[in-house]
Amino acid sequence: MLVSNQEKYNCALYCRLSKDDDLQGESNSITNQKEILTQYAKENNLNIYDVYIDDGYSGTNFERPDFKRMIQDIKDKKVNMVIVKDSSRLGRDYIGFGEYVEKIFPENQVRLVSILDNYDSAIDNGVADTLPFRAVINDLYAKDISKKVKASKHKNAVNGLFNGNRTPYGYKRSENDRHKLVIDEECSKNVRRIFDLYLEGTALSQIAYTFNDEHIPTPSQISGTGRNVCTIWKPSSIKHILKNEVYIGNMVQEKCKRINYKLKKRIKNDKSEWIRVENTHDPIIDKEKFYAVQDILASKSETRVKFRNLLLKGLVVCSDCGKKMGITTHSSDTVYMRCHTYAILPKQRLCTPHNINYQKLENAVVKEIQNICQQYLDRKKMKQIIDTEYEEQEKSQEISKQKSLLAKSIEVLDFQIEKLYEDKLNGLINNTDFSRIYDKKVKEREENQNKLKELNEIKFEKQTIDYEKIINDFLEKDNITAYMLNSLIEKIEVDNNKQATIYYKFSDLNKLSKVS
């Protein structure tokens with residue numbers, strides 16, 4: 001396949017390889033792809049602007065660093081031709097693939113060549129008609145691979161074999177079997193030290209300080225994986241080690257799962273779905289010591305339970321960093337609130353304490369709100385507030401209904417478009433009817449997507465609440481509840497001078513009540 005008018009093209013050679021592709025051998029390797037593309041460009045006297053390589057990235061989405069760099073170069077008019085070994089290298093998501101091939105590339109006057117598919121967007125040789133089907137097949141391939149990988153990992157988990165990408169701190173992979181954990185002698189010393197220090201009564205934050213002061217590399221620094229490598233030890237990372245059964249030789253896996261094969265987002269599994277296998281590898285910590293630590297952690301957790309139902313819990317934030325204020329007690333059992341950012345690692349001075357006596361704050365807030373409620377119990381004023389809020393509610397409900405209908409319609413159209421491809425592939429519909437119906441369905445889907453986008457941009461700042469009932473409850477009831485406070489208060493900001501500013505949910509009050 002030769003290219004005409006070679007001199008006017010600045011070419012992007014795009015290579016992609018996922019871990020699953022890599023398992024199939026050298027034919028799909030980056031080196032192999034690059035050689036094929038470079039040879040093709042030389043044979044056709046094409047100017048190579050750059051080579052874009054995404055090694056280890058799935059084709060089921062287009063959030064790949066070098067692919068995004070290539071698209072930016074296309075938008076900047078630096079590239080006007082893209083060459084790939086085959087269509088699956090560009091992507092395996094048929095919807096995204098069609099978006100780039102049918103819209104984005106043509107809009108930017110980019111010529112696409114897929115060598116093994118014998119496809120050239122500038123040549124009408126009939127291959128373009130089959131390209132959508134190839135995209136669907138590539139997508140189905142990705143789905144099938146995902147199922148096989150999931151089944152393989154589940155089998156490994158049941159057999160007590162390690163599936164994770166990053167080994168637990170203190171362990172490394174066996175040189176003979178990547179699914180087996182062996183003790184990392186250097187890091188395991190730190191694990192044992194963490195357990196010993198905690199049993200001696202050292203606080204989580206103090207252990208973190210000690211490790212930071214001694215410049216001990218963090219777990220993410222040791223593993224070298226992940227985009228955001230944490231360079232400091234935190235109490236949360238210490239606690240994670242203390243609670244992990246891996247250190248007594250047990251393997252607990254499948255705590256979470258991906259929503260589907262196209263999305264990276266993971267959701268937590270119910271504890272009943274976890275797979276727990278005992279004695280799968282050498283322990284670092286003996287069971288007696290491990291369960292002694294669990295008892296201490298549980299007792300501290302029970303101590304915190306009494307703070308969960310405090311009226312202002314979750315409403316009070318630091319005025320400087322914006323983080324929620326945490327609960328603490330002094331030797332006198334007096335309850336205080338202080339900035340959570342500061343509390344994590346006080347010596348790091350990430351923020352300042354903002355300490356405030358909780359009971360005094362609660363009393364001041366309740367008293368202030370009761371005063372406000374009394375002032376706003378003017379029936380005429382109240383009616384204006386309620387009418388405004390109900391109007392917002394009706395608008396919000398109507399828009400929510402429209403959004404739901406549009407989302408369902410888009411979902412149906414996606415299915416119909418996919419079914420249309422299948423009908424054409426099976427010879428149930430001819431090319432003319434396919435093109436006519438396809439264009440109609442795609443246009444309808446785009447219109448619905450645009451409508452949904454417009455509706456999503458409409459914001460309703462206030463929730464609809466029966467303020468009259470809540471205000472009467474405040475004035476008539478002795479037992480104020482956390483729910484009542486949350487119904488009226490957006491947040492309470494505390495500054496370093498122990499001054500608290502109440503931000504209300506009233507549409508006409510906005511924020512201002514100051515208490516101290």
Side-chain angles (χ1 to χ4, degrees), residues 1-18 21 27-55 57-139 431-432 434-435 438-439 442-443 446:
M1 182 172 66
L2 296 177
V3 174
S4 59
N5 300 323
Q6 298 99 325
E7 68 281 355
K8 70 176 183 178
Y9 289 108
N10 287 322
C11 300
L13 308 186
Y14 181 71
C15 309
R16 181 190 64 78
L17 187 73
S18 71
D21 294 321
S27 64
N28 270 327
S29 72
I30 292 295
T31 302
N32 178 269
Q33 291 181 55
K34 189 175 178 181
E35 286 177 355
I36 292 173
L37 300 182
T38 303
Q39 182 64 30
Y40 179 86
K42 286 182 179 179
E43 289 176 355
N44 288 276
N45 297 316
L46 294 169
N47 178 51
I48 300 174
Y49 177 77
D50 204 350
V51 180
Y52 304 80
I53 298 173
D54 284 316
D55 195 356
Y57 286 86
S58 170
T60 55
N61 70 74
F62 292 88
E63 293 299 311
R64 308 173 223 139
D66 250 28
F67 182 83
K68 292 168 73 173
R69 183 170 70 87
M70 180 179 74
I71 296 301
Q72 187 58 55
D73 285 344
I74 287 172
K75 291 179 179 179
D76 292 341
K77 306 302 181 184
K78 297 175 182 178
V79 168
N80 58 359
M81 186 175 188
V82 175
I83 308 174
V84 293
K85 177 189 170 187
D86 61 68
S87 58
S88 69
R89 298 305 95 201
L90 194 65
R92 292 190 183 276
D93 174 31
Y94 74 94
I95 295 176
F97 180 88
E99 184 77 8
Y100 280 99
V101 173
E102 301 292 342
K103 294 181 66 176
I104 296 176
F105 286 170
E107 284 175 356
N108 289 277
Q109 297 181 321
V110 171
R111 185 173 181 176
L112 174 64
V113 171
S114 176
I115 298 172
L116 298 189
D117 295 318
N118 196 33
Y119 171 77
D120 186 337
S121 61
I123 301 174
D124 186 10
N125 59 1
V127 177
D129 294 336
T130 65
L131 203 63
F133 303 109
R134 294 176 190 264
V136 172
I137 291 170
N138 288 332
D139 197 311
N431 289 339
T432 302
F434 170 82
S435 298
Y438 173 83
D439 290 343
V442 169
K443 182 179 180 181
E446 288 178 352

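A salt bridge links D50 with R69; the closest basic N to acidic carboxylate O contact falls under 4.0 Å. We find that K103 and E107 are not joined by a salt bridge, their nearest charged nitrogen and carboxylate oxygen being 4.0 Å or further apart.
Between R16 and R89, the shortest heavy-atom contact is O-NH1, 2.8 Å. A pairwise comparison of heavy atoms in V110 and V82 identifies CG1-CG2, 3.8 Å as the closest pair. Nearest heavy atom pair, residue A12 against residue Y52, reads CB-CE1, 3.3 Å. When all heavy atoms of N32 and K85 are compared, the closest pair comes out as OD1-NZ, 3.7 Å. Pairing each heavy atom of K68 with each of F62, the nearest pair is CG-O, 3.9 Å. Pairing each heavy atom of N108 with each of K75, the nearest pair is OD1-CA, 4.1 Å.
Atom NZ of K77 has more than 12 heavy atoms from other residues, nucleotides or ligands within 6.0 Å.
Taking Y438 as the reference, Y421, F434 meet the ring pair (Phe, Tyr, Trp, His ring centres under 6.0 Å) condition, with sequence neighbours excluded. Under the ring pair (Phe, Tyr, Trp, His ring centres under 6.0 Å) criterion, Y49 pairs with no residue, sequence neighbours left out.
Between the CZ atom in R92 and the OG atom in S87 there is a gap of 8.5 Å [rounded to 0.5 Å]. Interatomic distance, SG of C11 versus CD1 of I48, reported as 7.5 Å (0.5 Å rounding). The distance from the CD1 atom of I74 to the CD1 atom of I104 is 9.0 Å, given to the nearest 0.5 Å. How far CD1 of I53 is from CZ of F67: 15.0 Å, rounded to the nearest 0.5 Å. From R64, atom CZ reaches atom CG of D55 across 12.5 Å, with rounding to the nearest 0.5 Å.
Taking the side chain as every heavy atom from C-beta outward, I115 and V84 never approach each other to under 4.5 Å. For the pair V51/D66, no side-chain contact is recorded, criterion being any heavy-atom separation below 4.5 Å from C-beta on. Contact annotation: the side chain of L17 never approaches that of Y57 to less than 4.5 Å [non-hydrogen atoms, C-beta and beyond]. Between L37 and C15, some side-chain heavy-atom pair lies under the 4.5 Å cut-off. Proximity of I123 to R111: side-chain heavy atoms (C-beta onward) are separated by under 4.5 Å at one or more points.
Judged by distance alone, with hydrogens and angles left aside, the side-chain atoms of D76 form no donor-acceptor pair with the main-chain N or O of K78 at under 3.5 Å. The main-chain N or O of L112 is found under 3.5 Å from a side-chain atom of S121 such that the two form a donor-acceptor pair.
Using modelled atom types and a 3.5 Å distance limit, the side chains of Q39 and E35 yield no donor-acceptor pair. No side-chain donor from either of T31 and S29 sits under 3.5 Å from a side-chain acceptor of the other. Judged purely by distance below 3.5 Å, without hydrogens or angles, the side chains of N80 and N10 never pair a donor atom with an acceptor atom. Checking Y14 against D54 by side-chain atom types alone, a donor-acceptor pair falls below 3.5 Å. For the 3.5 Å distance criterion, the side chains of S114 and D86 fail to qualify, holding no donor opposite an acceptor.
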Just do the side-chain contact (heavy atoms from CB on, under 4.5 Å) check on V101 and Y119 with the steps written out, would you?
CA-CA 11 Å; V101 173; Y119 171 77; 3.9 Å; yes
Would N44 and Y9 satisfy side-chain contact (heavy atoms from CB on, under 4.5 Å), going step by step from the backbone distance to the final call?
CA-CA 11 Å; N44 288 276; Y9 289 108; over 6 Å; no
Intermediate values then yes/no, side-chain contact (heavy atoms from CB on, under 4.5 Å), Y40 and V113
CA-CA 10 Å; Y40 179 86; V113 171; 3.6 Å; yes
Verdict with reasoning, L90 to F105, per side-chain contact (heavy atoms from CB on, under 4.5 Å)
CA-CA 12 Å; L90 194 65; F105 286 170; 4.2 Å; yes
